[in-house]
Amino acid sequence: MFSSFSALSVCGRRAARLAAVTLVSGLTVAAGPAMAVPAASDSGAAQTHGGAAATMSGLKTYGAAVVHDAEGDLEISAGLFEMSVEGGGTLQTYCVDLHNPTQKDAKYHETPWSGTSLGANDDAGRIRWILQNSYPQVNDLAALAKKAGIRGGLTEQDAAAGTQVAIWRYSDGVDVDAVDPEAEKLADHLEKSARDTAEPEASLTLGPPALSGHPGELLGPVTVHTDADSVTATPPPDAAVDGVRIVGKDGKDVTTATDGSQLFFKVPADAAAGSAELTVQASTTVPVGRAFASESRSQTQILAGSSESTVSATVSAAWAEKGAIPALSAQENCAEGGVDITAVNQGDEAFTFELMGAEHTIGAGESRTVTIPLQEDQAYDFTIPGPGGYEKRFAGVLDCRTQAGEAGEAGESTQILSEPSPATAGGTASDVNLAATGSSDATPVIAGAAIGLVVIGGAALVVVRRKKS
């Protein structure tokens, strides 16, 4: 059974800060003149290019910690969270954003470090080292205690609290100690021993995430990147009716694929303008150290352990005989402070769209990435339309920095709430715990979610045909 969230939450950013985020909602941007292109509409909003999707269950194993700042000592819970994977599986995670609110039942997706505060953190590799060399990856607590020089031994609660405290020192740069002496000794040992370690590869991705072309061509290649043993191709019945197939380099239908395999959309030469989505699904363990970002305003997590879990990745393809043929994808870029929009245009005319007051033109046969600048904690929700009814929606919230440095600059204080707070982020969570309140500039945010269909115990690759309206 899961432990319920403590009244003194593990993570919680200032509530007033959450009350002032600028929401860019319902923004539809202008595109170029209508031409013969796919009449397709993408309803998914999350920028998920692959991996595991999960729901926050709550704190499972934890102890107490004290954060020291100019205003005094603040006691909070510190430990290991558990999340349930969509389609099957369980993840264990630690928090890497101390002052962010933690929402029970919040939706999360596997994401690269570049899309979180870890991307700009020079110590992110040390955090991964801590994960690899402490609980629960090291579940022999006697051996872990001996290595840390702890004579009295370690409980699971001590191990989880000590590990979380060590992580916070690197993820948030805060002055924090574990309350239990054994947990504090473990935190000190892990902090001093940590070494830089490379970011782990994603459990499953497809690249590129979007492509376009002409009927009669092989659209691709789409390269499979995964640590799973294999994936299985299972096109839905309507794919054969429409004539769209998923094939390999040799033009033969794909039934299985492995890491490095190249897949193609084979579209009949007489096919009308349209689009399709290819979803690859697999069952594997997610690498330790992968980041998990929420699809609302729940704090960022980092993976400490994974059961065999369902993972998926999706790529979209569009085709038309003539005119502009846009294919769009997006990825949050914390280094640049915004969202990268990648536009591919394999048509014979330019594709132009306007977004946030700036006009962008992608020439015929070109592919280009433009960065849409956003403020920290700014929610966005915009739709980019294309010719012939094509459109792509992107939504989320930019969460690239931890609060410790910002609070120091602004002279703000952190304050523990004595009781759980009502939902102040995301608007849908039934149980939100805030460990901190204060003054800043943010509003409640609502982020779209896109969770792929998944199959546990194996893998599947499906094509969803989108017909011309």
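Just so we're clear, the structure is a prediction, and the values are computed from it rather than from any experiment.
- Looking at Tyr108 and Glu86, their side chains never bring a donor and an acceptor atom within 3.5 Å of each other.
- Panel note: side chain Arg401, backbone Asp399; no donor-acceptor pair is recorded below 3.5 Å.
- Checking side-chain atoms of Glu354 against main-chain N and O of His360 turns up no donor-acceptor pair under 3.5 Å.
- Using modelled atom types and a 3.5 Å distance limit, the side chains of Asp340 and Thr369 yield no donor-acceptor pair.
- Pro208 and Pro221 get closest at one heavy-atom pair: CD-O, 3.5 Å.
- Counting non-hydrogen atoms of neighbouring residues, nucleotides and ligands closer than 6.0 angstrom, the CD atom of Glu201 reaches no more than 12 such neighbours.
- Nearest approach of Ala166 to Ala187, heavy atoms of both residues: CB-O, 3.7 Å.
- Defined by atom type and a distance below 3.5 Å, a donor-acceptor pair is present between the side-chain atoms of Gln301 and Gln299.
- Side chain to side chain, Thr300 and Thr116 fail the donor-acceptor criterion of an N or O pair below 3.5 Å.
- Each of Val231, Leu218, Ile246, Thr223 was checked for a side-chain contact (heavy atoms from CB on, under 4.5 Å) with Leu263, and the lone residue meeting it is Ile246.
- Note that the SG atom of Cys334 and the CD atom of Glu376 stand 7.0 Å from one another [nearest 0.5 Å].
- At distances below 3.5 Å, at least one donor-acceptor pair connects side-chain atoms of Asn333 with backbone N or O atoms of Glu336.
- Between Arg169 and Glu184 there is a salt bridge, since at least one side-chain N of the basic residue sits less than 4.0 Å from a carboxylate O of the acidic one.
- The main-chain N or O of Ala198 is found under 3.5 Å from a side-chain atom of Arg128 such that the two form a donor-acceptor pair.
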Go through the steps to decide whether Thr279 and Thr314 satisfy the test side chain to side chain donor-acceptor pair (under 3.5 Å), and finish with yes or no. CA-CA 4 Å; Thr279 300; Thr314 300; 3.1 Å; yes
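- Looking at Tyr94, its side chain never comes within 3.5 Å of a backbone N or O of Gly79 through a donor-acceptor pair.
- Leu91 has its side chain within reach of Val286: a pair of non-hydrogen atoms, C-beta onward, lies under 4.5 Å apart.
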List the steps, then state whether side chain to side chain contact (heavy atoms under 4.5 Å, CB included) holds for Leu219 with Phe264. CA-CA 5 Å; Leu219 276 56; Phe264 299 81; over 6 Å; no
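- Residues Phe292 and Ile302 are not in side-chain contact: their nearest non-hydrogen atoms beyond the backbone lie 4.5 Å or more apart.
- Around the CG atom of Asp73, the shell of radius 6.0 Å holds more than 12 heavy atoms that belong to other residues, nucleotides or ligands.
- The shortest side-chain heavy-atom distance between Thr205 and Thr226 does not fall under the 4.5 Å cut-off.
- Counted by atom type alone, Asp177 and His68 present one or more donor-acceptor pairs between their side chains at under 3.5 Å.
- Between atom CH2 of residue Trp168 and atom CG of residue Asp97 there is a gap of 10.5 Å, rounded to the nearest 0.5 Å.
- Under the 3.5 Å distance criterion, the side-chain polar atoms of Ser298 are left unmatched by any main-chain donor or acceptor of Ser294.
- Here CZ of Arg368 is found 10.5 Å from OG1 of Thr342. Values are rounded to the nearest 0.5 Å.
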Using side chain to side chain contact (heavy atoms under 4.5 Å, CB included), reason through Val222 and Leu211 one step at a time and then give a plain yes or no. CA-CA 9 Å; Val222 176; Leu211 48 86; 3.4 Å; yes
Yes or no on side chain to side chain contact (heavy atoms under 4.5 Å, CB included) for Val67 and Ile76, after CA distance, side-chain angles and deciding distance? CA-CA 8 Å; Val67 178; Ile76 59 177; 3.7 Å; yes
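- Closest approach of Thr258 and Ser230 over heavy atoms only: CG2-CB, 4.1 Å.
- Put simply, OG on Ser77 and CD on Gln164 are 10.5 Å apart, with the number rounded to the nearest 0.5 Å.
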Run the numbers on Ser57 and Phe81 for side chain to side chain contact (heavy atoms under 4.5 Å, CB included), then give the verdict. CA-CA 7 Å; Ser57 297; Phe81 287 93; over 6 Å; no
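- Without hydrogens or angle criteria, Asp123 side chain to Tyr170 main chain gives no donor-acceptor distance under 3.5 Å.
- Of all the heavy atoms in Ala318 and Ile325, the pair that sits closest is O-CG2, 3.8 Å.
- Heavy atoms only, all atoms of each residue included: Leu398 and Gly338 are closest at CD1-O, 3.8 Å.
- Counting heavy atoms from C-beta outward, Phe353 and Thr361 have side chains that stay 4.5 Å or more apart.
- Ion pairing between Arg290 and Glu199 holds under the 4.0 Å rule for side-chain N and carboxylate O.
- One finds the SG atom of Cys95 at 9.0 Å from the CD1 atom of Ile167 (value rounded to the nearest 0.5 Å).
- Taking the side chain as every heavy atom from C-beta outward, Leu144 and Ser134 approach each other to under 4.5 Å.
- A donor-acceptor contact shorter than 3.5 Å is absent between the side chain of Asp172 and the backbone of Val174.
- Nearest approach of Ala304 to Val288, heavy atoms of both residues: O-CG2, 3.8 Å.
- A salt bridge links Asp381 with Arg393: at least one charged nitrogen is closer than 4.0 Å to a carboxylate oxygen.
- The shortest distance between side-chain heavy atoms of Gln378 and Val397 does not fall below 4.5 Å.
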Are Thr352 and Glu359 close enough, and set up right, to give a side chain to side chain donor-acceptor pair (under 3.5 Å), and what steps lead you there? CA-CA 7 Å; Thr352 299; Glu359 186 177 271; 5.4 Å; no
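- In this structure a side-chain-to-backbone donor-acceptor pair under 3.5 Å is present from Glu217 to His214.
- A donor-acceptor pair is defined here as one N or O able to donate and one able to accept, closer than 3.5 Å; such a pair exists between the side chain of Ser309 and the backbone of Ser307.
- Counting heavy atoms from C-beta on, the side chains of Thr163 and Leu80 never come closer than 4.5 Å.
- Residues Tyr135 and Leu186 are not in side-chain contact: their nearest non-hydrogen atoms beyond the backbone lie 4.5 Å or more apart.
- Side-chain contact annotation: Gln92 with Ser306, donor-acceptor N/O pair under 3.5 Å absent.
- Going from atom CD of Gln375 over to atom SG of Cys400 covers 12.5 Å, rounded to the nearest 0.5 Å.
- Looking only at atom types and distance, the side chain of Thr284 has a donor-acceptor partner in the side chain of Asp227 under 3.5 Å away.
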